[in-house]
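Sharing a structure here in structure tokens format.
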Amino acid sequence: MDQISYKLGEFEGPMDLLLHLIAKNKLNINDIEISVLIDQYIEQIRAMQLHDMDIASEFLEMASRLIYLKTVSLLPKHEEAEQLKDELTTELMEYEKCRRVAATLSTMTFGFNTFIKSPENIEYDKTYLNIHESEKLIDAYISAVGRGQRKLPPPTTVFGKIVARKIVSVSSKIVFVLRKLWGGGKKQLRTLFDGAESRSELVATFLAVLELCKSNRVYVNGNGENAEISVIKERNKH
Amino acid sequence: MNIKEMVAACEAVLFASGEPVSLMRICEIFEVDEEAAEGVMNMLSDRLVNSDSGIKLVKLDKVYQLCTREEYVEYIRKTLDLRRKTPLSQAAFEVLAVIAYNQPVTKAYVEQVRGVDCSGVVSTLVEKGLLEEKGRLELPGRPLIYGTTDNFLRCFSLKSLDELPEVPADEDNADANGQIKMMDTALELANQLAEDIPIEED
Amino acid sequence: MNIKEMVAACEAVLFASGEPVSLMRICEIFEVDEEAAEGVMNMLSDRLVNSDSGIKLVKLDKVYQLCTREEYVEYIRKTLDLRRKTPLSQAAFEVLAVIAYNQPVTKAYVEQVRGVDCSGVVSTLVEKGLLEEKGRLELPGRPLIYGTTDNFLRCFSLKSLDELPEVPADEDNADANGQIKMMDTALELANQLAEDIPIEED
């Protein structure tokens with residue numbers, strides 16, 4: 001490889017590195033040649049390791065994700081690989097958009113050249129004057145501590161992961177949704193959630209619907225979260 | 001009190017407060033209606049310009065604030081002993097971009113888009129007064145949600161969030177890609193569902 | 001730089017620094033001699049007077065400072081007084097509630113519960129007379145502990161802390177709440193998804 005002289009610090013994260021590689025290899029972001037990308041990414045990480053650099057866990061996480069993607073691409077059935085690739089593509093496009101906006105913002109920093117003044121140091125009675133209902137305190141307390149009155153809320157990263165990572169049963173739910181739509185009729189979206197037994201099942205069903213939308217297999221139409229939402233099978237695939 | 005005095009008094013109030021002062025506050029202080037207050041503010045702004053003042057009046061959403069004119073930045077930097085030329089890091093611009101266009105959002109959302117942890121950057125931006133807490137999301141763990149501040153508007157010379165530049169067109173995806181359209185429908189749906197979830201604001 | 005610009009630049013420097021600036025410092029910043037600097041300062045002072053500004057230049061010994069004109073003090077007082085009526089932010093309410101129900105507690109405790117730094121909020125609440133220091137904890141670092149004040153009781157119409165409304169017991173949403181709760185959960189998650197999926201706004 002020609003130039004493995006980058007420092008990890010030059011990249012804002014694994015996504016940044018991936019976009020760099022995509023640009024460098026003139027790959028089409030909508031249809032990435034995944035094997036090229038993966039090889040180069042791994043090579044970068046290796047090079048960094050060789051240079052004894054501290055590699056942030058995010059880079060390693062992405063590496064393992066890519067390796068997994070490459071592995072499933074080798075399987076005779078490509079469905080999961082396609083899904084994972086779509087997911088990665090969407091994320092990359094989104095991050096690319098973020099970078100473009102950031103670039104625009106960074107040209108608009110003229111206002112940083114203006115300065116404001118600190119407030120005059122005038123001594124005055126700052127005692128709070130408003131009167132509130134004492135119930136306001138309950139709301140605020142519940143808001144701070146949470147409904148379950150946990151002492152410590154789980155870190156927000158937990159939620160990133162729920163969505164970032166596929167919950168194992170999504171593919172089973174895709175089958176479930178398609179089976180429900182067998183024959184091409186319409187169904188109320190809500191009914192897909194009937195009989196769900198756990199939170200993760202609900203998540204999986206919802207993700208399955210999104211996945212199916214994404215891959216053009218179902219069509220969602222209607223307004224509001226109520227009755228009008230229906231799921232239609234788009235084509236007779238079976 | 002004649003109008004000239006009122007302009008001067010407003011200037012004194014803005015000067016002393018340092019922080020942005022809302023139009024409503026001005027109305028309360030001087031016991032005038034919004035229109036009159038706005039008129040006074042415009043006069044103050046004009047006078048500052050016409051008298052070649054080093055200070056200008058900026059309007060952000062519905063608040064007003066006095067600040068120095070850009071052209072004198074160097075002298076102020078010299079006085080205050082400030083060295084830094086680039087105001088923010090690349091990471092900071094990215095975090096601001098995600099939050100400005102999607103606010104209010106959780107840190108987890110920003111991390112999701114950028115693929116890296118950004119607690120540090122977010123708290124720095126809160127310290128710099130560019131971001132602030134906007135409440136919590138009604139979700140387990142009740143994550144905090146963040147949005148931009150009036151100071152953000154001032155720093156990026158925006159009058160309001162409506163003036164945020166459009167997301168630059170994406171040539172590659174512009175050609176009607178069915179895939180993306182479908183995704184949009186799914187997004188719309190998710191969005192509609194989301195609308196019914198209360199978000200607490202302060 | 002012409003003389004008008006220099007006057008404006010000096011004004012900007014004095015404005016941004018907030019504190020008195022010495023003549024010597026002005027000379028350094030603008031690379032002029034004392035006489036020239038004094039000339040500029042006099043021009044600035046005159047311009048402020050002639051343009052009926054609410055701000056004036058004060059000279060003390062060889063130090064200069066911008067400040068508001070005395071005749072407008074009343075309005076500034078009024079502004080400050082009105083500020084006392086600005087309702088608390090959501091963050092402030094949360095900090096107050098956490099302390100009210102668990103007092104006396106350290107700032108660290110509140111931060112642990114809320115998951116974010118809240119030094120700023122705590123000191124604002126102390127200033128507003130809603131919280132006060134209640135001593136120190138006998139722990140390494142001897143952290144301060146905080147509790148609520150009599151003014152807090154007044155603001156929430158409470159006779160004593162015993163009257164604090166009870167936080168409703170949590171009806172442990174894990175068990176047997178049936179379909180409706182499940183759907184709520186799904187909607188909440190949909191919200192989360194909506195948040196995590198890019199939505200373009202124009």
Side-chain angles (χ1 to χ4, degrees), chain B residues 4-5 7-13 15-18 21 25 28-30 47 50-55 66-69 71-72 75-76 78-80 101-102 105-106 108-109 112-113 123 133-140 143-144 166-167 183 186-187 189-191 193-194 196-197 200-202, chain C residues 4-5 7-18 21 25 28-30 47 50-55 66-69 71-76 78-80 82-83 87-94 114-117 186-202:
Chain B
K4 252 192 186 167
E5 279 173 330
V7 173
C10 277
E11 189 182 14
V13 163
F15 180 90
S17 118
V21 177
R25 218 4 81 79
E28 269 180 282
I29 297 164
F30 296 98
R47 199 201 65 209
N50 296 333
S51 66
D52 294 301
S53 175
I55 301 166
L66 289 176
C67 67
T68 61
R69 300 175 64 88
E71 37 284 52
Y72 307 119
Y75 302 104
I76 296 167
K78 225 163 148 184
T79 316
L80 303 181
Y101 283 84
N102 301 286
V105 292
T106 62
Y109 175 76
Q112 172 87 7
V113 173
S123 35
E133 289 175 22
K134 295 278 189 188
R136 282 169 190 274
L137 210 57
E138 277 294 349
L139 276 174
L144 285 164
E166 259 176 66
V167 179
M183 199 58 205
L187 287 180
L189 166 69
N191 219 5
L193 289 170
D196 296 312
I197 312 272
E200 278 172 24
E201 283 182 67
D202 50 18
Chain C
K4 250 192 188 169
E5 280 173 332
V7 172
C10 279
E11 189 182 13
V13 162
L14 288 169
F15 177 87
S17 84
V21 178
R25 192 97 181 88
E28 274 171 26
I29 295 161
F30 294 96
R47 199 202 65 206
N50 296 334
S51 67
D52 294 303
S53 175
I55 301 166
L66 287 177
C67 62
T68 55
R69 298 175 67 90
E71 44 271 61
Y72 305 120
V73 164
E74 187 198 330
Y75 299 102
I76 293 165
K78 214 167 159 186
T79 318
L80 296 175
L82 284 173
R83 208 184 267 174
L88 296 174
S89 66
Q90 174 68 17
F93 269 119
E94 286 190 14
R114 296 195 64 239
V116 276
D117 177 83
L187 289 176
E188 277 180 13
L189 285 154
N191 185 37
Q192 175 76 42
L193 285 167
E195 223 212 345
D196 280 315
I197 295 172
I199 290 163
E200 254 188 64
E201 283 182 357
D202 45 18

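Chain letters run A, B, ... following the sequence lines, proteins first and then strands; every chain starts at 1. Hydrogens, waters and symmetry mates play no part in the numbers below; they use all other heavy atoms, side chains included.
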Exercise. Between C/Val7, C/Asn50, C/Ile29, which shows the greatest number of heavy-atom pairs under 4.5 Å with chain B?
Worked result: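 That would be C/Ile29.
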Exercise. Looking only at heavy atoms, what is the nearest atom pair of B/Ala8 and C/Asp52, with distance?
Worked result: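 That would be CB-O, 3.4 Å.
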Problem set entry | Partner set under side-chain hydrogen bond (donor to acceptor under 3.5 Å, both in side chains) for C/Ser53, not counting sequence neighbours |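 With sequence neighbours excluded, C/Ser53 shows a side-chain hydrogen bond (donor to acceptor under 3.5 Å, both in side chains) to B/Glu11, given in chain and number order.
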Exercise. Quick one: what part of C/Leu14 sits under 4.5 Å from any heavy atom of chain B, side chain, backbone, both or neither?
Worked result: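 For C/Leu14, no heavy atom lies under 4.5 Å from chain B.
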Exercise. Does the pair C/Arg114/B/Glu133 count as a salt bridge with the N-to-O cut at 4.0 Å?
Worked result: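 Salt bridge flag = yes for B/Glu133 with C/Arg114.
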For this session: Name the region of C/Glu74, side chain, backbone, both or neither, that has any atom closer than 4.5 Å to a heavy atom of chain B.
Result: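 Answer is neither: C/Glu74 stays 4.5 Å or more from chain B.
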Exercise. Which residue out of C/Val73, C/Thr68, C/Val21 racks up the most heavy-atom pairs below 4.5 Å with chain B?
Worked result: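 Of C/Val73, C/Thr68, C/Val21, C/Thr68 has the most heavy-atom pairs under 4.5 Å with chain B.
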Problem set entry | Salt-bridge present (C/Lys78, B/Glu28; N to O < 4.0 Å) |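 B/Glu28 and C/Lys78: not salt-bridged.
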Problem set entry | Smallest separation among heavy atoms of B/Ser17 and C/Arg83, with atom names |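 Heavy-atom minimum between the residues: CB-NH2, 3.4 Å.
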For this session: Mind checking ring pair (Phe, Tyr, Trp, His ring centres under 6.0 Å) for B/Phe15 and listing every partner two or more places apart, or none if nothing turns up?
Result: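 Residues passing ring pair (Phe, Tyr, Trp, His ring centres under 6.0 Å) with B/Phe15: C/Phe15.
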Exercise. If you tally heavy-atom pairs under 4.5 Å against chain C, which of B/Cys67, B/Ser123, B/Gly54 wins?
Worked result: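 The answer is B/Gly54.
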For this session: Could you tell me which non-hydrogen atom of B/Ala12 sits nearest to which non-hydrogen atom of C/Ile76, and how far apart they are?
Result: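 Heavy atoms of B/Ala12 and C/Ile76 come nearest at O-CD1, 3.9 Å.
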Problem set entry | Among the listed options C/Arg25, C/Glu71, C/Arg47, C/Arg69, the residue most often paired with chain B at heavy-atom distances under 4.5 Å |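 Greatest number of close heavy-atom pairs with chain B: C/Arg47.
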